[in-house]
Amino acid sequence: MYSPDPLSAPAAPLLQGLNPEQLAAVTLPSGHALILAGAGSGKTRVLTTRIAWLLQNGHATPGGILAVTFTNKAAKEMVARLTAMLPVNVRGMWIGTFHGLCNRLLRAHHKAANLPQAFQILDTQDQLSAIKRLCKQFNVDEERFPPKQLAYFIANCKEEGLRPRDVPAHDADSRKKVEIYALYEAQCQREGVVDFGELMLRSYELLRDHDPIRAHYQRRFRHILVDEFQDTNRLQYLWLKQMAGDEAEGRLQSHGCVMAVGDDDQSIYAFRGARVGNMADFVREFAVQHQIKLEQNYRSYSNILDSANHLISHNSRRLGKNLRTTQGAGEPVRVYEAATDLAEAQWMVDEIRQLVKNDGFARKEIAVLYRSNAQSRVIESQLFNASVPYRVYGGLRFFERAEIKHALAYLRLLENPHDDTSFLRVVNFPPRGIGARTLEVLQDAARQAGCSLHDAVSAVPGKAGANLGAFVALVDVLREQTQGLSLRGIIEQMLESSGLVEHFRTEKEGADRIENLQELVNAAESFVTQEGFGRDAVALPLDEHGQSLTQSPVSQGLDPDAPRLDEPLRPTAGIIDADTGETLSPLVAFLTHAALEAGDNQAQAGQDAVQLMTVHASKGLEFDAVFIGGLEEGLFPHDNASSDRDGLEEERRLMYVAITRARQRLYLSHAQTRLLHGQTRYNVKSRFFDELPEEALKWITPKQQGFGSFAPNSGAGSAYGASAGGRFGFKSETFASASPASSKATSHGLRAGLAVFHTKFGEGKVLAIEGQGDDARAQVHFPRHGTKWLALSVAKLTVVE
DNA sequence: AGCCTTCGGAGGTCG
DNA sequence: TCCGAAGGCT
C-alpha cells in the first residue's frame, strides 16, 4: 500500500510543464471546484496530475479517491496515465465509468439493494426485447405504444430519477405508459436483471436510503473527480450529491471535495439526457469555491482556433471561454463547394492523397467527420475506388453481434435459469422445433403461475412440451458439466453443447460468426488473465485507509467469520459482497464485463488508415488533418435540431467540437446537391459558414466543370433553406440582397437549390448554373413543365419564398 | 420453419 | 434509395 511521505516526495517533476491555470487546478486547496477545460487544454492531464499530486502530498490515500468518467476508454486512459506517473497501486482507487462504479456498489451491497449478487445487466437490445415480451403478455396495443418509444420513456424516467409512482401522469396515455413502466420493473426484479438506467437509479437509491452505507462512502471518498461533467444527466448529478455529502439547511455538508471538469461548449448529448445546467447547479448547490478556466490550447494553429472561437461566440447561453494558442496562424481553413455529394467525396480523396503524398501526413492522422452516418457511404466508395485504406467508426460492437449475444445468453442461463430474455433468445436457436405457438403457451403458463419460463416448462403438454424439456435439460446438463471448469472451459463446452458452432458451420457466411465465437473464447481468456479482471477485482469497498469494509460500520456486527478482505486479491476473486465476503464467479464477472464494455466498434484497427466517423464519435480525439463535409442547411445544422434555439445551439457546439479536433489542417465542404433517401436534395450551404472569421478561411474555387462554377461567397446573404418551414421553404430574397455587388459571378443571385418563380412556368427549383455574365444559364426544374435551361439575361426569374 | 414480399422510416450514442 | 421489421406464403 502506498504510504504518503511528503518530505521525501520528489519535488515537482509532476508539476513541470504545467501552465499557471493548470498548476492552480492541480494544486487547489480543499473545497469544491469547477474546472472549465476548453478543447485541447490538457484536461486529462490536469485530472490525473491532480490525483497524483493529492497522493504525493499526503492529501489523500488511494482509497480516498473516486474518479468518474463516461466511457471505458476515458477510464482506462486515466488509469494508464496514473500508473505511468506514480508508483501507486491504482487498485485502491475507484476509477471507472458511472455505470461501472454503480455495478460495484450494487454487487457489494446487493442485499441492501434488493438484488441477487449475480444480477445480469440488460443492454438496450435486451431491454427492448424484454419490453416487447411484456407488451405481448399484457396485450398492450403496440400501435399506440411502440415498444421503442416505451423503452425510451422508461430510460428517460430513470435518468430523471423517477420511479413509476413519481411520474406525473394526467392523461390516459401517460397513465398507461407509467403502468407499463411499473410492470417492466416488476418483470426485471423477478428475473434478477437490471438495465443501464436501473444500475444508476438503484445505486442512487441505495445511497439515499441506507444511512450507514452512504456515511461510509462519504467518509471514504475525500476526493471525487468527475470528467466530462457537462455530459452528466440529472440522476448522475443526484448520485454525485449523495456521494459528496448530506444536505442540511439548503447547503451541502460535505466531507470531501468534488472537482468537476467539463466544457459547456462541448455539450453535445442533450438528446440523451445530458443537462448542461448541472454545471450551474453544481456551482450553486455545492457553493463552489474555486473556478478555473483552462483556455490555453495545445492542439491547434490559430486559424483553426479562431474559427472555433468565432463560431461558438454565436451561442448565447455560455459560461464564457476563449481558446488561445501560442502556435502561429498555420494554414488557412480550406473551404470547398462541390456540385454534388459525389464531387465532394472526390475532392476529399484528392486532398487526402496529396496530404499523404506531398505533405507527409500519416493516413491515420487524417479524419473525415460527418454529421450523420448516411454520409459515409459516398466517401467510403470514393476512398475504396482510389485504394486509400480507411476505417469507419461506429456500427456493431463485438459483444453486440448476434452470434455473441446468443452465446452470452447460454452463459447467462447457466448462471440464472430465470433470465427469460436469454431464455427466449436461444430456446429455439439453433432451431429445435420450438415455434411461436409453443412459446405463447409457455408464456401464458408462466404468467398464470407467476413464475419464470424455465419453471413453467413442465406445464406445456405434448410434443411441444417435450421439445422445451429437452432444451431445459440441455442447459441443466451443461450447468452440471461446467461445474469447476475454467471460464475458458465453460465457454468452449457451451459452444459445443449448444450447437451454436455446428449451426453456423452449415450456414453460408457462418465462417465469420464461428471466428467471432472463437474470439469470444480469447476475450474470456484475456479477461481472466489480464488487467480487466484484475482491476475489477477491487470492487471491494475499502475505507479511506485502505482497510477492508469488514471493520467499518457498514458490516460491523455481521458475519465475524467473513474472510479478511484486505488480503491480496486473487485474479479470480472478483467482486466481493460487503457483508459476507462472497465473491463473484468468473463467469458472472465476465458477463458483467461484456454488458458494461461492449467492446470496440472499429473495424480493422492498427492499420494506417484514414479515419471516418460522425462528429459525435470524434469528441475527445484529435487529428493532424480534419475534413468536415456536408455543411449544408438541413444536414449540419440538422433539420430535426434547428427549429428551436436550444437545438441550434447544440448543433453549433457540435460544429465547435468538430473544428477543434484539427491540429494542423482543417477542410470544410458542402455540396449543392446531395442524394438523400433516394432523392436529389438541393441544399443551401450551412449558416455556420457565415459564423466563421473570413480572414481565417480560404475558399477554393472549383474547376470549371459546367456545374456550379460560380465562385462561392462566404459573406452575407446566404439563403437559409430547409430549416424555415417546409422541406424547401426558402426565405424570400431579392437578387440584390442575395448577392453582394463585389461578387461578379453571383450577380444573378442564383445558385443551385434556390426556388424561383418564372412568369410562364411558375415555381421551380434551380438545378444548376452555367456560364458567366450574359451567357449565364440556369437549369431549372418546374413541376408542371419539366426541366429547362434558361438564359438569365432573358428569362425573368425571381427567388421566391 | 424459413423464405419472400411489403411497408415504413430515415439523427447523433455511452453504459 | 436502402435497410430492417413484420406478416404471408409454401
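Below, read A as the first sequence line, B as the second, and so on, with proteins coming before strands; counting in each chain starts at 1. Computed from heavy atoms alone, side chains included, the values below leave out hydrogens, waters and symmetry copies. Quick caveat, the model's predicted, so the values are computed rather than measured.
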_Roughly how many Å apart are B/dG12 and C/dC3, using the P atom of each and rounding to a whole number?_
15 Å

*Distance in angstrom units between A/N640 CG and B/dA10 P, rounded*: 9 Å

*What is the distance, rounded to the nearest whole Å, between atom CG of A/L676 and atom C1' of B/dG9?*
12 Å

*Can a donor-acceptor pair be found between the side chains of A/R674 and A/T680 at a distance below 3.5 Å?*
no

*Do A/R371 side-chain and B/dG11 base share a donor-acceptor contact under 3.5 Å?*
yes

*Which part of the nucleic acid, if any, lies within reach of A/A598 when heavy atoms closer than 4.0 Å are counted: base, sugar-phosphate only, or nothing?*
nothing

*asked:* Using the side-chain heavy atoms of A/L596, tell me which of these nucleotides is nearest: B/dG11, B/dG15, B/dG12.
replied: B/dG15

*When we call it a touch if two heavy atoms are under 4.0 Å apart, what does A/I434 touch: a base, just sugar-phosphate, or nothing?*
sugar-phosphate

_N or O in side chain of A/T124 less than 4.0 angstrom from B/dT13 OP1/OP2_ = no

*Quickly work out the A/D639 CG to B/dG12 P distance and round it to whole Å.*
13 Å

Collect all protein-nucleotide pairs involving nucleotides 3-9 of chain C in which both atoms are nitrogen or oxygen and the distance is under 3.5 Å.
from, atom 1, to, atom 2, distance (Å)
C/dC3, OP1, A/R377, NH1, 3.1

*Does B/dG12 have OP1 or OP2 sitting under 4.0 Å from an N or O in the side chain of A/N373?*
yes

*May I ask you to evaluate whether A/N72 reaches the phosphate of B/dC14, defined as a side-chain N or O under 4.0 Å from OP1 or OP2?*
no

*Using atom NE2 of A/H677 as one end and atom C1' of B/dC7 as the other, report the distance to the nearest whole Å.*
16 Å

*Give me the ring orientation class for A/Y237 and A/F229: parallel if the planes are under 30° apart, tilted from 30 to 60°, perpendicular past 60°.*
perpendicular

*When the ring planes of A/Y217 and A/W94 are compared, do they come out parallel, tilted or perpendicular, using 30° and 60° as the limits?*
tilted

*Heavy atoms under 4.0 Å, any strand shown: does A/G197 hit a base, just sugar-phosphate, or nothing?*
nothing

_If you compare every side-chain N and O of A/R432 against the phosphate oxygens of B/dA1 (OP1, OP2), does one of them come in below 4.0 Å?_
no

*asked:* Students often get this wrong, so: under 4.0 angstrom with heavy atoms, is A/F196 touching a base, only sugar-phosphate, or nothing?
replied: base

*d(NZ, A/K619; P, B/dC14) in whole Å*: 11 Å

*Could you check whether the rings of A/Y269 and A/F271 sit parallel, tilted or perpendicular, using 30° and 60° as the cut-offs?*
tilted

*Whether A/H638 stacks on the six-membered ring of B/dG12 base, 5.5 Å and 30° limits*: no

*Cationic tip of A/R107 within the cone over A/F119's six-membered ring, i.e. under 6.0 Å and within 45° of the normal?*
yes

*Looking only at side chains, do A/Y390 and A/Q611 share a donor and an acceptor under 3.5 Å apart?*
no

*Should the ring pair A/F590 and A/F399 be called parallel, tilted or perpendicular, given that the plane angle runs from 0 to 90° and is split at 30 and 60?*
perpendicular

*Just wondering, do A/Y269 and B/dG12 stack (centres under 5.5 Å, planes under 30°)?*
no

*To the nearest angstrom, how far is A/Q125 atom CD from B/dT13 atom C1'?*
14 Å

*May I ask you to check whether A/R652 and A/N315 show a side-chain donor-acceptor distance below 3.5 Å?*
yes

_Between C1' on B/dA10 and CZ on A/R681, what's the gap in Å once rounded to a whole number?_
11 Å

*So, does the side chain of A/E651 form a donor-acceptor pair with the base of B/dG11 at under 3.5 Å?*
yes

_Atom pair distance, as rounded to whole Å: CD1 in A/I268 and P in B/dC14_ = 10 Å

*A/G435 or A/G100: which one's nearest nucleotide on DNA chain B is closer to the 5' end?*
A/G435

_Result of checking A/I312, A/L369, A/L311, A/L654 against A/I659 for side chain to side chain contact (heavy atoms under 4.5 Å, CB included)_ = A/L311

*Could you check which of B/dG11, B/dG12, B/dA1 has an atom nearest any side-chain atom of A/P431?*
B/dA1

